[in-house]
Amino acid sequence: MAFELPPLPFETNALAEAGMCQETLELHHGKHHQAYVTALNGFVEKDASLQGKSLDEIVKATAATPGPVFNNAGQHWNHILFWQNLSAKGGHIPGKLAAKIDSDLGGVEKFKTAFKTAATTQFGSGWAWLVVGTDGKLAVTKTPNGSNPLATGEGHVLLALDVWEHSYYLDFRNRRPDYVQNFLDRLANYEYAEAQLLAA
Ligand code: MN3
């Protein structure tokens with residue numbers, strides 16, 4: 001069974017007022033994410049050892065020797081999460097997640113500073129993450145290119161932010177720090193993150 005591009009959980013124009021325009025979402029979801037899915041399916045078709053494996057299994061199986069299969073599988077995995085992490089009414093941190101941020105990361109402002117530092121110091125393409133680690137504590141982390149906390153074993157993802165240029169160039173040009181701040185304050189779906197925390 002081939003991998004498929006999941007539909008966005010909102011219309012492509014839904015986030016425009018919150019800082020992510022329709023053209024960004026049309027290109028990012030319809031072209032970039034689709035290209036990862038198409039490439040991954042091409043590799044699976046030609047490699048019997050990948051057939052019948054779940055996406056998680058392919059990411060984990062290829063993480064030690066990252067090449068084109070890992071890159072495209074990782075990017076498919078990452079973008080599935082990313083779309084769930086965006087909301088037109090984002091930015092509000094609900095109580096249970098806020099309490100966990102206070103106890104593990106020293107408060108919301110320190111969390112946002114740490115996340116912004118991770119997202120802006122990821123040189124070149126990559127991702128920033130809020131995870132609940134194997135020790136049960138929240139942590140902010142970053143990965144290059146298509147890698148992710150599933151591949152690195154750093155824990156269960158609560159929030160994912162794409163910092164590839166294709167994610168922000170139409171809306172923020174070269175200003176990655178502004179894109180990250182806007183995500184944290186207006187786009188981040190912290191309700192989704194809290195649900196992931198409670199399920200972890
Ligand atoms: Mn992307």
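Just so you know, ligand 1 is whichever comes first in the structure, and atom 1 is the first atom listed for that ligand. Along the sequence shown, residues carry numbers from 1. Here the structure is a predicted model, which means the values were calculated and not measured.
- Taking the six-membered ring for Trp and the full ring otherwise, Tyr36 and His79 have centroids separated by under 6.0 Å.
- Nearest N/O/S atom of His28 with respect to the Mn ion (ligand 1) is recorded as NE2.
- The distance between the ring centers of His28 and Trp83 falls below 6.0 angstrom.
- Rounded to 10°, the angle that OD2 of Asp162 and NE2 of His79 form at the Mn ion (ligand 1) is 100°.
- Taking the Mn ion (ligand 1) as reference, His166 places its N/O/S atom NE2 nearest.
- Counting backbone and side-chain atoms alike, His33 contributes no N/O/S atom closer than 2.8 Å to the Mn ion (ligand 1).
- Using a 4.5 Å cut-off on side-chain heavy atoms (C-beta onward), Phe10 and Leu15 make contact.
- Looking only at side-chain heavy atoms (C-beta outward), Trp127 and Gln122 stay at 4.5 Å or farther from each other.
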